[in-house]
Every structure is written in C-alpha cells, then in structure tokens.
Asker: 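After the structure tokens below, expect a handful of questions from me.
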Amino acid sequence: MLLSLQNVTLKSYNRNIETVILDSINLDIEPGESVGLVGETGSGKTMLAWTILNQLPITNHTLSGNVVFNKQELTLDTKNIKGNQISIVFQSPMQSLNPIQTIGKQFSLILMKRFQINKTDTLSLEKEWMKRVRLDDQDILSRYPHQLSGGQMQRVMIAIAMSVKPKLLIADEVTTALDANLRNDILDLIDELRDQEKTSVLLISHDLLLVKNRCKKIAVMKSGKVIECSSAEMLFKNPKQKYSRKLIDALGYKKSKDVRKKHETDVLFSINNLYKTYASQGKDRAALKNINFDIYKNEILGIVGESASGKSTLAKILLQIVPQDKGDIMFYSTGTTPIIHEKPNRLIGAVFQDTLGSLNPRMSIFDILMEPLDLTDGLGLDTKLNKLNKCIESVGLSTDLLERYPHMLSGGQRQRVSIARALMTDPSLLILDEPTSALDVQSQKAVLKLLRSLNKDKRLTIVLISHDLRIVMETVDRLAVLYKGEIIETGNPNTIYNNPQRSYTKSLIRSEHDNEK
Amino acid sequence: MKNIWKYILHKRTTTASILFLTIIVLLAVVIPYVSPYSDDLNGAVHLEINNQAPSFSHIFGTDSAGRDMFTLTIRGGLVSLRVAIGVVLMSVVLGVPLGLIAGVSSKWVDETIMRISDAFLAFPPFVLPIVIAIALGGSLNNVMFGIAISWFPWYVRIARAQAIMIRSSDYVLISKSMGASTFYIVKKHILPNSISPVIVQASIDAGYAILTVAGLSFIGLGAQPPLPEWGLLITASRAQFLYHWWVVVFPGIFILLTVLSFNVIGDDLRNFLNPKIERN
C-alpha cells in the first residue's frame with residue numbers, strides 16, 4: 001500500500017457555519033497503480049488532492065482521519081514527502097509556471113533542491129527529461145512559459161513533476177484545457193512514464209470516459225463522499241450507486257441520429273468571403289480566411305474546431321459586435337430579398353461559454369432577463385411579464401429563481417438563464433459559442449436536449465459552436481469543420497464522421513474513437 | 001443595504017470605527033452649546049490660565065492663549081471630517097466619469113483624457129495643492145479643492161481600468177449584440193461593477209485627506225485661526241511641545257483615531273464587496 005486515506009473528513013468554517021468538504025473518505029493506492037477519481041465540479045476532488053499534499057488553501061478548517069503514505073503518517077512536519085515523493089500537475093500549466101523565468105531556470109531550481117546537486121549537473125538531467133516528454137526538437141529550456149503552447153507547457157509540467165522521482169503523481173484535470181488531439185498524447189505520456197518509473201498515479205477528472213481507459217480502479221465522488229470505488233470494468237458493467245449509473249448513462253451518446261431532418265433549403269443567412277485579421281505583438285494574425293457558408297432556416301448547424309481556430313471570432317462577427325475586414329453577411333429575414341447584416345440585430349440571440357461571465361453579477365435574474373425588453377421600445381409591463389414567464393418556462397426554470405443573483409445558481413441553471421435571455425426577443429437565429437464546455441455531463445445533456453426541443457417546437461435556427469465533436473455529433477443536422485480560420489469541410493455529420501476528407505478531420509475523429517474504446 | 005449593516009455590525013472593529021466617527025460628529029455639533037468655554041472657539045484669549053496641564057476643569061489642558069483644548073479638539077473634528085468627505089467627494093465626482101468615458105471611448109479620446117490627468121500626477125503630491133491654494137487664497141475650501149485636483153487622476157485610472165475590463169466581459173458583449181447603446185452599457189453594466197474599488201479607495205483617501213490638510217494647515221495654508229482644525233492646533237502649539245505635551249498629543253490622538261477608523265471601514269468595505277469572500 002503506497003497511500004491510504006482512512007476516514008478523512010475535512011470541514012471548513014466560515015463565520016461559524018460548518019461546511020463538510022470531504023466526508024469520511026477511504027481510498028487506497030497501491031504502488032505502480034493508476035487510480036481514477038471522477039466527480040462533477042465542486043464534488044471535492046481537488047480538495048482531496050490538497051489534503052494528500054497537506055497544503056489546503058483554506059484557513060479555518062478541521063481535518064480528521066489519517067493519511068498514511070508509505071507506512072508513514074502524513075502530518076505537518078513531513079515536509080520532505082511533499083514535492084519529493086508526491087508530485088502534482090494541475091489543469092492550467094500557465095498558472096503553475098513562473099511567467100518571468102525560463103523553463104530551464106525553473107526546472108533546474110527544482111532539481112537542485114531535490115537532489116542537492118549544482119547547477120551545471122542539472123542541465124543533462126533537464127535535457128534527458130525534455131527528450132522523454134518529446135520536447136527535445138526545440139530549445140524549450142531557454143524559452144518563457146508564454147512562448148509555449150498549452151500542450152507543450154503541460155508536457156513541461158509533467159517532466160518537472162516526474163523528474164523528482166515521485167512515488168505518487170497526482171494529475172488534477174491535466175487535459176481539461178487541451179484539445180481532443182492533444183489529450184490522448186498527454187495521457188499516453190503519463191501512462192508511459194508511469195510504467196517506466198513505477199510511479200502510482202491519481203488521475204482526477206470530471207470526464208468518466210477519459211478515466212475509464214487509463215485506470216484499473218475508479219473512485220466516484222459526489223458531494224465530498226467517495227460513493228463508489230471499484231475496478232473500471234466492474235463500475236461500467238455493474239455500478240452499485242444510482243449516481244454512477246447516471247454518469248455512465250450520460251456518456252452513452254448516440255453517435256448518429258440516422259433519421260435526421262430533411263435537408264432544409266431556405267437560406268436564412270448567407271456568409272460570403274469573410275476575412276478577419278487581428279494584430280498581435282506587431283504581427284497580423286489571420287483569424288478567419290475566406291469563410292463561405294449558408295445557414296438554412298430551422299436547421300441546427302454545428303461548427304467544430306479546436307481552440308484558436310477562429311470559432312469565437314466567427315460567432316462575434318455573426319453577431320456583428322466585431323466588424324469583419326472583408327466580406328459580407330446577407331440576412332434573409334423576410335422572403336427572398338436579403339438585407340446586409342452589418343449592425344447588431346435583436347433577431348439574433350447569443351449564448352456564450354462562461355456561464356458566470358455572461359451574467360452581470362450585480363443584477364438579479366429578473367433584471368437580466370428583462371434587459372433585452374428594456375432595450376426594445378414601447379412594450380407595456382404586462383407584455384414584458386408575459387414574455388418573461390413564457391421564456392423561463394420554455395427553458396425549464398422555476399420562477400423562484402428570479403430574485404436571485406447569478407452566483408447563487410448552478411452552472412446549468414445559469415446557462416438556462418442565458419438561453420432564456422436570448423429567447424426574450426423572439427430571435428430567428430440563436431448562436432451558441434461553447435455553451436456546454438463549462439458544464440458537467442448531466443447539465444450538458446439537459447442543455448442539448450433543450451436546444452433540440454427549441455429547434456423542433458419553436459422552429460428556431462441554431463448555430464452550435466464547440467470544440468467537442470461528441471456533443472456536436474449528437475445534436476446537429478449539419479456540420480462545418482473550422483481549422484486555422486478556414487472551413488475545411490461541411491456536410492452531413494454522419495457522412496463526415498464515416499468518411500472524413502481532410503487529415504485534420506480524420507485526426508479529430510480518430511481521437512474521439514480512442515476515447516470510446 | 002440590509003446586508004451591509006448586518007455584515008458591518010458583525011465586525012467589532014468596524015462597529016467601533018463607525019461609532020467613533022458618529023460620536024465625533026455629534027460632540028462637535030453640540031460642543032459650542034454645552035461647553036463652558038465656547039468663547040474660546042471664536043478666538044477668546046485668557047492669558048491668566050495659559051499652558052495649564054490637564055485637570056478637572058480643563059481635561060485636555062489649555063494652550064498658550066489659555067483656550068480649553070478639549071473644546072477646541074472636539075470642535076476640530078467637524079472641520080476634519082468636512083475635509084475628508086469634501087476632498088474625496090470632489091475627487092470621485094471629477095475622476096470617475098472621466099475614467100469611465102476614457103475606458104469606453106475611442107483611443108484618441110482615451111489618450112487625451114489620460115495624458116491630461118497624468119499631467120496632474122506629475123507634480124509631487126504636496127506641490128499642486130500648495131500652488132492652487134496660494135493662487136486662489138489660502139482658505140480651507142481652496143486647499144480642499146487643490147487636494148482634490150491633485151488626487152482625481154487616481155480615480156480616473158481606477159474607473160478606466162474597471163471600464164476596460166468590464167467592457168470586454170461576456171455580459172457586455174451580449175448586451176451589445178442586443179443593440180444596447182454605449183451609454184446604456186455604462187449605466188447598467190460598467191458603473192455598478194466598477195464602483196466597489198472606487199468606494200474602497202475613497203475610504204482610504206478620506207484618512208489621507210485629513211493628514212494632508214493637517215499638514216497644509218501646519219505650514220499656514222488651509223484652516224486659518226481661530227478656526228479649530230487638528231493640524232492647525234498642533235502647528236499653533238508646536239513651540240510649546242517640549243514643555244507642554246498636552247497641546248500636541250490630544251489633537252494628534254484624534255487625527256490618529258479618525259484616520260484609523262476610515263482605514264478600518266475601507267478595509268472592511270473591500271471585504272464586503274468582494275464576492276469571493278463568503279458572507280452569510
């Protein structure tokens with residue numbers, strides 16, 4: 001037994017109000033074993049990691065139970081274990097690395113401290129590790145964190161974490177911020193190093209699929225408790241808890257609705273030769289290059305692409321809150337004569353990714369929902385209230401939420417508020433930019449279901465923009481693949497899925513396959 | 001509003017600070033009517049009882065003109081609080097709108113506003129108020145105006161930084177996509193969300209305003225005798241300080257406690273307005 005948590009309970013106190021963060025946690029990790037820890041946001045996963053490291057970020061708390069590491073009980077005094085025998089890698093490497101030191105310098109400081117060697121000796125070690133995480137083709141060591149990509153930085157973090165020869169590596173949502181393509185590379189790398197170094201790994205994630213393929217043992221966490229802990233096989237075949245069952249069911253997505261709606265032919269929007277360039281650090285960077293596509297009435301159009309592919313820029317240009325450099329958008333709002341769409345229009349609703357950031361923290365939900373109507377002239381109070389009731393009903397929210405403020409709602413509820421706000425003006429098009437990325441699996445399901453029903457019942461045209469092929473495949477009628485600012489493929493999602501034409505689309509679909517295995 | 005009182009009363013230091021400032025104001029208002037030495041406030045001279053140590057009849061002692069230090073010190077609170085609130089209010093009223101305009105306007109307008117307000121910051125902190133007070137005449141109001149002129153650029157900067165941050169937030173973008181005007185966005189989204197750092201800065205500046213005016217009174221600008229002001233009381237008696245400690249110590253203690261109170265309130269207000277610090 002390498003690590004054993006026995007009855008670990010963590011309570012925090014805020015103005016004499018007790019909150020149970022971890023509730024009698026029991027968890028064992030054997031040497032060389034990879035254990036998955038799965039749970040939704042706020043279930044206490046990261047707090048458990050901090051507890052193991054004895055580095056809790058909160059002040060007023062009581063901790064009971066034992067954390068036994070390598071037959072030694074961890075207390076405040078066992079500082080030599082933390083960072084020597086236990087390493088941790090976080091979700092966002094940019095925040096874990098010092099922005100004003102080169103990678104090499106940060107790396108050597110850690111090695112010097114760990115192995116009591118001098119600076120010249122660290123260099124060969126650093127180079128060896130860069131090779132092992134496959135970053136040796138460029139001179140990464142002399143660069144600063146901001147000069148690396150997200151994937152490169154995460155490799156550096158893994159190299160640093162593994163270089164101290166830990167017995168346990170805690171990987172906390174290490175791939176959440178990365179694209180699907182990179183995700184598997186990083187996890188393969190962790191697996192490979194684990195085998196070579198005989199390190200145990202605690203893989204923390206909200207994504208059950210990801211953990212399933214990598215860990216023999218999986219613990220499911222909910223509201224501070226480990227509600228189930230069994231082998232991956234057992235868990236998927238025969239989950240003991242209702243909650244685990246729900247999580248697993250939520251994963252089983254229907255890859256292809258074989259009977260998709262008949263292809264729509266009435267054009268609502270026509271986007272022609274769109275270009276957009278941003279100036280960054282003195283250089284012009286093309287965000288969008290020659291974008292051409294149509295949005296048909298009553299369809300759900302999916303636009304899929306990795307981060308920095310120009311997805312959000314495209315959304316903002318469609319909303320006309322960012323002007324394009326070249327090209328035009330024609331809006332067939334009535335009949336066949338189009339108008340040029342060149343300023344914000346109330347007939348287009350928008351929903352963004354950040355559920356908290358999309359809502360003004362100082363406004364109550366009532367005021368937030370009323371805002372679109374306040375901006376429309378000449379509406380009586382009765383009409384407004386009528387509209388409001390209809391909209392919150394159509395997104396499945398209850399009226400008691402109206403007096404609350406955004407931070408008092410869950411992520412899923414907030415996203416429903418955003419959708420309701422977009423519906424207040426009776427739009428003909430709804431643009432959603434990564435609407436589900438910040439949500440857990442169950443809220444994702446619910447939001448996607450809502451979108452489909454809005455499309456069906458209200459005959460609302462929807463553009464769904466996402467990096468997640470899975471949710472797009474499940475929802476849309478037509479798919480466009482955006483890669484480096486260009487639309488490289490459009491068509492029926494099943495056709496693209498089964499027979500991708502471009503190599504980027506192929507790799508995107510392949511990594512999706514890998515996850516499913 | 002109900003919440004803020006509940007929160008403030010929960011913290012003993014804040015409650016004490018608010019209580020202290022309230023008592024100062026109340027006492028200062030009633031002291032001319034209840035003090036047996038209210039003549040002293042109008043510059044009466046009683047040389048026969050000058051420089052007396054604290055006693056039962058003069059609990060803070062008397063100064064070199066035989067005036068009762070207790071009456072003068074308490075009445076001085078009114079002037080000092082007027083200074084604190086006046087200076088801060090003028091700076092905020094001048095600075096915040098300019099900052100918001102700079103934050104949401106085109107680059108050209110933004111640059112113009114910022115470079116002009118930077119010009120005010122280029123002066124050492126005491127020089128500009130001195131120059132303005134001398135040019136306009138060294139009355140208390142002119143000194144307050146002078147200080148406000150040299151301080152408002154800080155509020156421009158705070159408001160502009162907030163405006164720039166909030167104008168690119170998703171809720172503003174969505175508001176824009178629904179056709180909201182810039183004025184609507186500033187009124188509804190940017191102003192309410194940028195006001196908390198302004199309030200915090202204001203409460204901290206209130207303490208400094210008292211110290212600055214006390215300092216300027218000390219060199220002969222600002223409050224003019226016989227107007228009782230804490231800085232002025234200390235100046236007037238500085239020659240006797242080594243032999244008669246009470247003439248300096250009591251006004252000094254009141255300056256200290258008032259500045260401290262403003263800082264405690266400001267600090268707590270910041271905690272209250274920070275949504276990340278949980279409260280019930």
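Lettering follows sequence order; numbering is per chain, from 1. The figures here come from the full heavy-atom set of this structure, side chains too, leaving out hydrogens, waters and symmetry mates.
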Asker: Out of A/Asp433, A/Val351, A/Asp354, which one pairs with B/Asp170 under the side-chain contact (heavy atoms from CB on, under 4.5 Å) rule?
Answerer: A/Asp354

Asker: Counting only non-hydrogen atoms closer than 4.5 Å, does A/Lys343 touch chain B with its backbone (N, CA, C, O), its side chain (CB onward), both, or neither?
Answerer: neither

Asker: A/Asn360 pairs by side-chain contact (heavy atoms from CB on, under 4.5 Å) with which of B/Ile166, B/Ile190, B/Asn193?
Answerer: B/Asn193

Asker: Does atom CZ (B/Phe126) have a neighbourhood of more than 12 heavy atoms from anything else shown, all under 6.0 Å?
Answerer: yes

Asker: Minimum heavy-atom separation for A/Pro344 and B/Lys176, please, with both atom names.
Answerer: CB-O, 3.3 Å

Asker: More than 12 heavy atoms of other residues, nucleotides or ligands under 6.0 Å from OH of B/Tyr208: yes or no?
Answerer: no

Asker: Could you grab the distance from atom OG of B/Ser177 to atom CG of A/Leu318, nearest 0.5 Å is fine?
Answerer: 11.5 Å

Asker: Is A/Asp367 close to B/Lys188 at the side-chain level, that is, under 4.5 Å between some pair of heavy atoms?
Answerer: no

Asker: Among A/Met363, A/Gln320, A/Lys316, single out the residue with the greatest number of heavy-atom pairs under 4.5 Å to chain B.
Answerer: A/Met363

Asker: Do you know which of A/Leu347, A/Asp374, A/Ile321 has the most heavy-atom pairs with chain B at a distance under 4.5 angstrom?
Answerer: A/Ile321

Asker: Is it true that the side chains of B/Ser175 and A/Glu371 contain a donor and an acceptor less than 3.5 Å apart?
Answerer: yes

Asker: So with a 6.0 Å cut-off around NZ of A/Lys458, is the heavy-atom count from everything else above 12?
Answerer: yes

Asker: Between A/Asn345 and chain B, with a heavy-atom cut-off of 4.5 Å, which part of the residue counts as in contact: side chain, backbone, both or neither?
Answerer: backbone

Asker: Look up atom OH in B/Tyr171 and atom CD1 in A/Ile368, then write down how far apart they are to the nearest 0.5 Å.
Answerer: 9.5 Å

Asker: Heavy-atom distances under 4.5 Å only: say whether A/Ser358 touches chain B with side chain, backbone, both or neither.
Answerer: both

Asker: Evaluate the side-chain proximity of A/Pro427 to B/Met178: yes if any heavy-atom separation is below 4.5 Å, no if none is.
Answerer: no

Asker: For A/Met424, is it the side chain, the backbone, both or neither that has a heavy atom under 4.5 Å from a heavy atom of chain B?
Answerer: neither

Asker: When you look at NZ of A/Lys384, are more than 12 heavy atoms from neighbouring residues, nucleotides or ligands closer to it than 6.0 Å?
Answerer: yes

Asker: Is it the backbone or the side chain of A/Leu375 that comes under 4.5 Å from a heavy atom of chain B, or both, or neither?
Answerer: side chain

Asker: Just verifying a value: how many Å separate B/Ile174 CD1 and A/Ser418 OG, rounded to the nearest 0.5 Å?
Answerer: 5.5 Å

